[in-house]
**Q** 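Can you keep this structure in mind? I'll have questions shortly.
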Amino acid sequence: MTTNIILLGPPGAGKGTQARRLVEERGMVQLSTGDMLRAARTSGTEMGRKVAEVMDRGDLVTDEIVIGLIEEQLESHKDASGFIFDGFPRTLAQADALGQLLGGTGRRLDAVIEMRVDDDALVRRITGRFTCGNCGEVYHDETRPTKVPGTCDACGSTDLRRRADDNEDSLRQRLMEYYKKTAPLIGYYHALGDLFTVDGLAEIDEVARRIAGILDQAATA
Ligand code: AMP
């Protein structure tokens with residue numbers, strides 16, 4: 001029995017944080033197209049350079065590129081106990097492609113979890129966030145600082161990074177892209193009967209509990 005879910009929500013809704021919990025607690029595989037693209041941009045290739053420009057503007061990378069990345073990952077994790085799609089799909093074309101890719105490997109989508117957060121909170125969350133370059137732990141200047149300044153609590157690394165696109169201009173554009181191209185997926189998955197909504201402004205543990213409840217319910221459906 002495998003469980004495959006999508007975490008859907010604007011930038012800063014907490015998708016990455018919750019995905020990491022599910023990886024630790026349930027051994028699911030997190031497929032974050034944002035992380036894959038950030039790896040591609042440091043690869044020094046022509047494709048990486050183009051992707052970096054698009055990401056820094058806050059625009060979406062082409063469907064073809066991200067669908068290709070997801071296809072590769074599904075191929076290389078054939079035995080996974082379940083996938084968390086984090087930041088994918090972001091367009092209706094990507095949603096259709098995901099349905100086909102999952103169907104082709106005998107998997108199904110169990111739940112689409114919309115993480116709802118208002119825009120003011122997103123700006124606060126995004127402009128203060130930083131992550132550990134070594135283990136991926138997510139922090140925030142005000143709400144979740146490291147215990148020792150400059151050192152990751154989880155792994156001790158001092159490689160703490162801020163994303164190039166976590167500034168106000170890119171964020172405005174990323175939000176616009178979200179409302180124009182990604183938010184229509186909420187209606188699409190609602191119509192398919194797969195949609196669940198959680199309050200992304202609740203405490204991290206509370207959001208995790210609600211997501212766990214949805215997963216347990218989906219597993220028995
Ligand atoms: P994220 O880490 O999910 O916030 O993604 C960071 C950036 O990567 C986005 O602003 C887009 O430029 C790009 N990106 C990530 N996932 C996708 C996707 N599914 N489709 C198109 N662009 C994406």
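Whatever order the structure lists them in is the order used to number ligands and atoms, beginning at 1. Given the structure is predicted, the values throughout are model-derived calculations rather than measurements.
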**Q** Applying a 4.0 Å heavy-atom criterion (strictly less than), which segment of Asp86 is in contact with ligand 1: side chain, backbone, both, or neither?
**A**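 For Asp86, no heavy atom sits under 4.0 Å from ligand 1.
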**Q** Who's the nearest protein heavy-atom neighbour of atom 11 (C) of ligand 1, and how far?
**A**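 That would be Asp59 O, 3.4 Å.
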**Q** Could you tell me whether Val61 approaches ligand 1 through its side chain, its backbone, both or neither, with non-hydrogen atoms closer than 4.0 Å?
**A**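 It is both parts that get close, each with some atom under 4.0 Å.
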**Q** Report the nearest protein non-hydrogen atom to atom 6 (C) of ligand 1: residue, atom name, distance rounded to 0.1 Å.
**A**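 Ranked first by proximity to atom 6 (C) of ligand 1 is Arg163 NH2, 3.4 Å.
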**Q** Would the number of heavy atoms belonging to other residues, nucleotides or ligands and lying under 6.0 Å from CZ of Arg116 be above 12?
**A**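 No, the 6.0 Å shell around CZ holds no more than 12 heavy atoms from other groups.
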**Q** Checking Gln30 side chain against Arg21 main chain: does a donor-acceptor pair fall under 3.5 Å?
**A**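 Flag not set: sc Gln30 to bb Arg21 has no pair under 3.5 Å.
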**Q** Mind checking whether Pro11 has an N or O less than 3.5 Å away from an N or O of ligand 1?
**A**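 So ligand 1 has no N or O lying under 3.5 Å from an N or O of Pro11.
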**Q** Closest heavy-atom contact between Ala95 and Leu185?
**A**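 For Ala95 and Leu185, the tightest heavy-atom pair comes out as CB-CD2, 3.8 Å.
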**Q** Is it true that atom CD of Glu206 has more than 12 heavy atoms of other residues, nucleotides or ligands lying nearer than 6.0 Å?
**A**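 Enclosed: over 12 neighbouring heavy atoms sit under 6.0 Å from CD of Glu206.
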**Q** Output the list of atoms in ligand 1 that are nearer than 4.0 Å to some heavy atom of Gly87, sorted by atom number.
**A**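 In order of numbering, the contacting atoms are 16 (N), 17 (C), 18 (C), 19 (N).
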**Q** Are the side chain of Thr182 and the backbone N or O of Arg90 linked by a donor-acceptor pair below 3.5 Å?
**A**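 At least one qualifying donor-acceptor pair exists.
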**Q** Is it the case that atom CD in Glu168 sees more than 12 heavy atoms from other parts of the structure closer than 6.0 Å?
**A**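 No, the 6.0 Å shell around CD holds no more than 12 heavy atoms from other groups.
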**Q** Looking only at distance, does Asp165 have an N or O less than 3.5 Å from an N or O of ligand 1?
**A**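 In fact, backbone or side chain, Asp165 has no N or O that close.
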**Q** Need the ligand 1 atom indices (1-based, order shown) with element for anything under 4.0 Å from a heavy-atom of Thr33.
**A**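 Answer, ordered by atom number: 15 (C), 16 (N), 17 (C), 18 (C), 19 (N).
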**Q** With the side chain counted from C-beta on, respond yes when Ile211 and Phe196 share a heavy-atom pair under 4.5 Å apart, and no when they do not.
**A**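 No, side chains not in contact.
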**Q** Report yes if some heavy atom in the side chain of Arg38 is under 4.5 Å from a heavy atom in the side chain of Arg163; otherwise report no.
**A**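 A side-chain contact exists here, since the closest heavy-atom pair is under 4.5 Å.
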**Q** At under 4.0 Å between heavy atoms, which part of Met55 makes contact with ligand 1: side chain, backbone, both or neither?
**A**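 The part of Met55 near ligand 1 is both the backbone and the side chain.
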**Q** Between Gln94, Arg174, Arg57, flag the one that comes closest to atom 20 (N) of ligand 1 by a heavy atom.
**A**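 Ranked by closest heavy atom to atom 20 (N) of ligand 1, first place is Gln94.
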**Q** Take every heavy atom of Arg38, measure it against each atom of ligand 1, and state whether any distance is under 4.0 Å.
**A**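 The answer is yes: ligand 1 sits under 4.0 Å from a heavy atom of Arg38.
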**Q** Of the non-hydrogen atoms in Phe83 and His77, which two are nearest, and what is the gap between them?
**A**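 Scanning both residues, the minimum pair turns out to be CZ-O, 3.4 Å.
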**Q** For atom 15 (C) of ligand 1, find the nearest protein heavy atom and state the residue, atom name and distance (0.1 Å precision).
**A**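 Here the nearest protein heavy atom works out to Arg90 NH1, 3.2 Å.
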**Q** Before signing off on this row, confirm whether Val54 and ligand 1 have an N or O atom pair separated by under 3.5 Å.
**A**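 The answer is no, given that Val54 and ligand 1 share no N or O pair closer than 3.5 Å.
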**Q** Pick one of side chain, backbone, both or neither for how Leu37 approaches ligand 1, counting any non-hydrogen atom pair under 4.0 Å.
**A**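 Leu37 to ligand 1: side-chain contact only, backbone stays beyond 4.0 Å.
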